[in-house]
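Letters go in sequence order (proteins before strands), and every chain restarts at 1. Note that the coordinates shown come from a computational prediction; the quantities given were computed from them, not determined experimentally.
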Number of protein chains: 2
Amino acid sequence: MTLPANSTQILIADDHRLFNDAIAGLLRSSFHSVQQVFDGNSLLFSVQKNMPDLLLLDINLPKLNGIEIASKLRKDYPDIKIIVVTMYNQAHVVESAIALNIEGYVLKDSPSQLLLEAIEKVLSGQKFFDPKLHKKVIINDDAFTNQLLLTKREREVAEKLIAGKKAETIAQEMGVGYETVKSYRKNIYLKLGVNSLAELINLMRDLE
Amino acid sequence: MTLPANSTQILIADDHRLFNDAIAGLLRSSFHSVQQVFDGNSLLFSVQKNMPDLLLLDINLPKLNGIEIASKLRKDYPDIKIIVVTMYNQAHVVESAIALNIEGYVLKDSPSQLLLEAIEKVLSGQKFFDPKLHKKVIINDDAFTNQLLLTKREREVAEKLIAGKKAETIAQEMGVGYETVKSYRKNIYLKLGVNSLAELINLMRDLE
DNA sequence: TAATTCATCCCCCTTCAGGGGGATTTACAA
DNA sequence: TTGTAAATCCCCCTGAAGGGGGATGAATTA
């Protein structure tokens, strides 16, 4: 893991002091400027003053809702990259965040490794969504499967896999090679964070 | 296959003359009394007159619906065992038949071997349901999984398989050997007529 | 008592899944 | 123009799934 330029300024907004501090400590080893705020007001103030490159934003901020803040920031400071860091894997929150075109979404119960990975990706211009939060959100939403997760071909393969077809059959049906299908499968599993057909099926079928 | 006492009287009710004749021919080698009827009215008449032990009943009978007939017979002649023989694997039909506590259900596209097996079982007091018609009906209905399909242990294994656990894990969880779990899996697949984990999961998850 | 069912276990075999590395071409975007 | 992403393909490997044969003891039922 190679983290980008440590001239990067990061702002952490989370009312859980302990958590906030812990994350700050974690990031200070890689970034020399790590600011912390604990409520919505000081968040806005700090943004104006420091112009961070990246904001780690908790959804459950006192006074101002995290989503509202994000919405405001999106308009006023479109260059600030935002990663939503929250406890809850609530569909509507994720959807709001996605609607705001937020760069990343990480769940608090994920390993810190994942946050670092998210930061790395987002700073390099990519997006990052916690593999645990596909449910009810990402997969069958075309816009997202397109940009964030599965490509067209991967989705085709995913559907056929779920139907119980074996790689060889899928290859024939799609007019591509067996190895191609295996590659797709590999990528699908990677992107969706599953590692067996059973998990894939259960994941997909949990989306209504 | 040893078919029970050939003093047994069998009545076949099916408006498809050809099919009816074929079945009759098939059964006449094992049963000396095989009657045939081709519509609901003559069915009722024949039942009164001959008092068959076993009725092979088509659902799509002209004039009177097979289910209605079965319902009527259940009340008036509870001793006549009924095997529904039909083309369609329609959930509501199967459910109606089961609600009437019908002894057996065989699909027309199954091998004749299966019909003989069904007759044998039903005449010996057991029930028989075509392995192809589990969908939407049988599996998580305890009464049926108990008597007709999976044993207690098999159901346990099935659940764990569906959760995506591998045989070895299941063995440890259940405190039995790996080979035991493989046997259960084999039997589950056999009984449910599936031949892959994907099919199993999709089958089970189609039951609401 | 004899027959059947259930739960348990065993061996064999083949195929495929799953995961680790790649590469190439095309096309589009920075 | 240079790079990135998508689509395609390749090789290797391990282990497990899937399916074919069994067997055995205990319990239940005919």
Report the nucleotide, chosen from C/dA7, D/dG18, C/dC10, that has the shortest atom-to-atom distance to any side-chain atom of B/Ser196. D/dG18

Do the charged groups of A/Glu103 and A/Arg74 touch, with an N to O distance under 4.0 Å? yes

Criterion side chain to side chain contact (heavy atoms under 4.5 Å, CB included) against B/Val34, the qualifying member of B/Thr8, B/Leu56, B/Leu27: B/Leu27

Nucleotide C/dC16, atom P - distance to NZ of A/Lys182 in whole Å: 11 Å

Can you pull out how bent the helix from C/dT1-D/dA30 to C/dA30-D/dT1 is, comparing the axes over its first five and last five pairs, to 10°? 40°

Indicate for each nucleotide in nucleotides 22-30 of chain D, in 5' to 3' sequence, whether protein heavy atoms under 4.0 Å reach the base (B), only the sugar-phosphate (S), or nothing (-). ---------

Nearest 0.5 Å please: distance from the CG atom of B/Asp53 over to the CD1 atom of B/Ile10. 8.0 Å

Tell me every residue that passes salt bridge (charged side-chain N to carboxylate O under 4.0 Å, His left out) with B/Arg153, counting only those two or more places apart in sequence or in another chain. B/Glu156

Below 4.5 Å, heavy atoms only, C-beta onward: do A/Ile12 and A/Asp58 meet side chain to side chain? no

Check the distance between D/dA7's C1' and A/Glu156's CD and give it to me in whole angstrom. 11 Å

Is the phosphate of C/dT8, meaning OP1 or OP2, less than 4.0 Å from a side-chain N or O of B/Tyr184? yes

Please name all residues satisfying salt bridge (charged side-chain N to carboxylate O under 4.0 Å, His left out) with B/Glu173, sequence neighbours left out, ordered by chain then number. B/Lys160, B/Lys165

So, is B/Thr180 near the phosphate of C/dC9, with a side-chain N or O under 4.0 Å from OP1 or OP2? yes

Please state how far atom CD in A/Gln172 lies from atom C1' in D/dT8, giving the value in whole angstrom units. 17 Å

Whole-Å distance separating the CD1 atom of A/Ile170 from the P atom of C/dC16: 12 Å

Chi angles and distances behind the side-chain contact (heavy atoms from CB on, under 4.5 Å) call for B/Val181, B/Ile170: CA-CA 7 Å; B/Val181 174; B/Ile170 296 173; 4.0 Å; yes

Would you mind reading off the distance between A/Lys152 atom NZ and D/dA7 atom P, rounded to a whole angstrom? 7 Å

For A/Val194 and A/Glu199, the nearest pair of non-hydrogen atoms, with its separation, is CA-OE1, 3.6 Å

Answer yes or no: does a side-chain N or O of B/Arg153 lie under 4.0 Å from OP1 or OP2 of C/dT8? yes

Rounded to the Å, how far apart are A/Leu200 CG and C/dG18 C1'? 13 Å

Decide yes or no for B/Val157 and B/Ile188: does some side-chain heavy atom of the first lie under 4.5 Å from some side-chain heavy atom of the second? yes

Just to verify, what does B/Lys81 make a salt bridge (charged side-chain N to carboxylate O under 4.0 Å, His left out) with, not counting sequence neighbours? none

Find every protein N or O atom lying less than 3.5 Å from an N or O atom of nucleotides 14-16 of chain D, and list the pairs.
none

Nucleotide C/dA7, atom P - distance to CD1 of B/Ile188 in whole Å: 11 Å

Just to be sure I understand the rule, does B/Tyr189 reach a base, reach only the sugar-phosphate, or reach nothing, if contact means heavy atoms closer than 4.0 Å? sugar-phosphate

Can you tell me if B/Asn20 and B/Gln36 form a side-chain donor-acceptor pair at under 3.5 Å? yes

Pair A/Leu197, B/Leu197 - check side-chain contact (heavy atoms from CB on, under 4.5 Å), show working. CA-CA 8 Å; A/Leu197 179 58; B/Leu197 178 59; 5.7 Å; no

How many Å lie between CD1 on B/Ile201 and P on D/dA17, as a whole number? 12 Å

